[in-house]
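Working notes, beginning with the structure itself.
Bear in mind that the values here come from a model prediction, so they are computed numbers and not experimental data.
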Amino acid sequence: QCLALAEQALPLHLSPEIAIPSRQFAAKSTDRGKSPRIGLLGSNTATGLGYLNRDIAQHLPVAGWLVVEDPHHPRLNRLDAIPTKIAEVAQLRDAFSEFLRNLDWILFCETPWDPALPGLARQMGVRVACVPMWEWLAPELGWLAHVDLMLCPTRHCFRLLRAWRFRYGFPWDLQYVRWPIDIARFPFRQRRVCKQFLFVDGHGGMPARCLHSSQPIPGRKGLDILAIA
């Protein structure tokens with residue numbers, strides 16, 4: 001209760017870019033005097049998550065990408081400039097162990113696909129970084145305790161996981177990194193009046209659901225706010 005009260009008392013106007021360090025991940029990443037080798041784990045599909053992985057592979061210095069075959073979505077073409085290995089979920093653990101060799105970090109977005117993988121990475125001395133999607137998380141998920149670094153893409157996600165760290169004792173480092181936009185994809189065009197807008201709700205409008213409830217999470221993507229506006 002004291003920890004919960006202390007969390008509530010933290011001033012919300014503090015810049016969320018301030019990290020909460022616990023394992024000094026930045027210092028450890030450069031132990032060998034060179035940039036850390038980062039491996040990417042995730043799908044390569046025409047979905048929000050798939051395109052997020054593709055952007056990371058294209059714009060960050062990843063050493064390789066272990067592409068997970070999504071049984072619900074077809075795989076997109078591979079990126080020739082990125083060393084890529086493809087694995088089905090059923091064979092993912094064996095492929096993951098091989099993929100981790102010579103890596104310093106493994107990075108994934110939303111889910112590790114197999115809850116045993118973060119713990120396996122830690123056993124092999126590879127640090128684990130996650131870009132979390134707060135609506136798909138719950139404190140009871142066992143793999144959360146094996147994450148070294150949470151890269152929170154929104155202020156709400158940062159504040160929620162900061163509260164979990166105080167309340168449940170998670171050992172991760174916490175950083176707030178805003179969602180990036182590749183502006184090179186959008187040539188500039190000045191507009192003085194805009195009459196049409198595009199809203200992407202994700203999964204064709206499928207609502208997110210809590211792990212322990214069948215009730216959907218309302219306003220997951222903020223469509224209700226946009227409709228009012």
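A distance of 11.0 Å separates CZ in Arg162 from CZ in Arg155, rounded to the nearest 0.5 Å. Distance check, rounded to the nearest 0.5 Å: CD1 of Ile82 to CG of Asn53 gives 12.0 Å. Atom CD of Gln123 is separated from atom CG of Leu100 by 10.5 Å, given to the nearest 0.5 angstrom. Remark: Asp114 CG to Arg93 CZ distance equals 4.0 Å, nearest 0.5 Å. How far CE of Met150 is from SG of Cys157: 8.0 Å, rounded to the nearest 0.5 Å. With values rounded to the nearest 0.5 angstrom, Glu88 atom CD is found 12.0 Å from Trp113 atom CH2.
Looking at heavy atoms from C-beta onward, Trp164 lies in side-chain contact with Leu137 at the 4.5 angstrom threshold. Side-chain contact between Glu98 and Lys85: present, with at least one pair of heavy atoms (C-beta onward) separated by less than 4.5 Å. Looking at Cys109 and Ile56, their side chains come closer than 4.5 Å, going by heavy atoms from C-beta outward. Between Phe99 and Arg101 there is no side-chain heavy-atom pair separated by less than 4.5 Å. His146 has its side chain out of reach of Leu117: every pair of non-hydrogen atoms, C-beta onward, lies at least 4.5 Å apart. With a 4.5 Å cut-off on side-chain heavy atoms, Ser43 and Val67 do not count as touching. The closest side-chain heavy-atom distance from Leu107 to Leu41 is not below 4.5 Å. In this structure the side chain of Trp172 reaches within 4.5 angstrom of the side chain of Leu144, judged on heavy atoms.
Residues Tyr51 and Leu79 do not share a hydrophobic cluster, clusters being chains of Ile/Leu/Val/Met/Phe/Trp/Tyr side chains in contact below 4.5 Å. Grouping the Ile, Leu, Val, Met, Phe, Trp and Tyr side chains by contacts below 4.5 angstrom, directly or via other members, places Trp179 with Leu49. Residue Val177 is grouped with residue Leu60 when hydrophobic side chains (ILVMFWY) are merged at heavy-atom distances under 4.5 angstrom, including chains of intermediate members. Under the 4.5 Å side-chain heavy-atom criterion for grouping Ile, Leu, Val, Met, Phe, Trp and Tyr, Leu92 is connected to Trp143 within one hydrophobic cluster.
The two residues Trp136 and Leu141 come nearest to each other via the heavy atoms O-CD1, 4.0 Å. Heavy atoms only, all atoms of each residue included: Leu40 and Val62 are closest at CB-CG1, 4.4 Å. Closest approach of Cys152 and Leu161 over heavy atoms only: SG-CD1, 3.9 Å. Taking all atoms of both residues into account, the shortest heavy-atom contact from Arg37 to Ala63 is NH2-CB, 3.5 Å. Shortest non-hydrogen contact noted between Trp65 and Ala57 is CE3-CB, 3.7 Å. Residues Ile106 and Phe96 come closest through the heavy atom pair CG1-CE1, 3.8 Å.
No side-chain donor-acceptor contact under 3.5 Å links Thr84 to the backbone of Asp80.
Within a 6.0 Å sphere centred on CD of Gln58, heavy atoms belonging to other residues, nucleotides or ligands number more than 12. Heavy-atom neighbours of His72 NE2 from other residues, nucleotides or ligands within 6.0 Å: at or below the threshold of 12.
If you look at Trp134 and Phe158, their ring centroids are not closer than 6.0 Å.
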Residues Arg122, Asp148; criterion side chain to side chain contact (heavy atoms under 4.5 Å, CB included); working and verdict: CA-CA 9 Å; Arg122 294 289 303 281; Asp148 293 280; 3.2 Å; yes
Steps toward side chain to side chain contact (heavy atoms under 4.5 Å, CB included) verdict (Ile38, Leu103): CA-CA 6 Å; Ile38 303 170; Leu103 290 180; over 6 Å; no
Derivation of the side chain to side chain contact (heavy atoms under 4.5 Å, CB included) call for Val128 and Phe108: CA-CA 8 Å; Val128 180; Phe108 61 87; 3.6 Å; yes
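Between Asp70 and Arg75, none of the side-chain N atoms (NZ, or NE/NH1/NH2) sits under 4.0 Å from a carboxylate O, so this pair counts as no salt bridge. Using a cut-off of 4.0 Å between Lys/Arg side-chain N and Asp/Glu carboxylate O, Arg185 and Asp55 are scored as salt-bridged.
Side chain to side chain, Asn44 and Arg54 meet the donor-acceptor criterion of an N or O pair below 3.5 Å.
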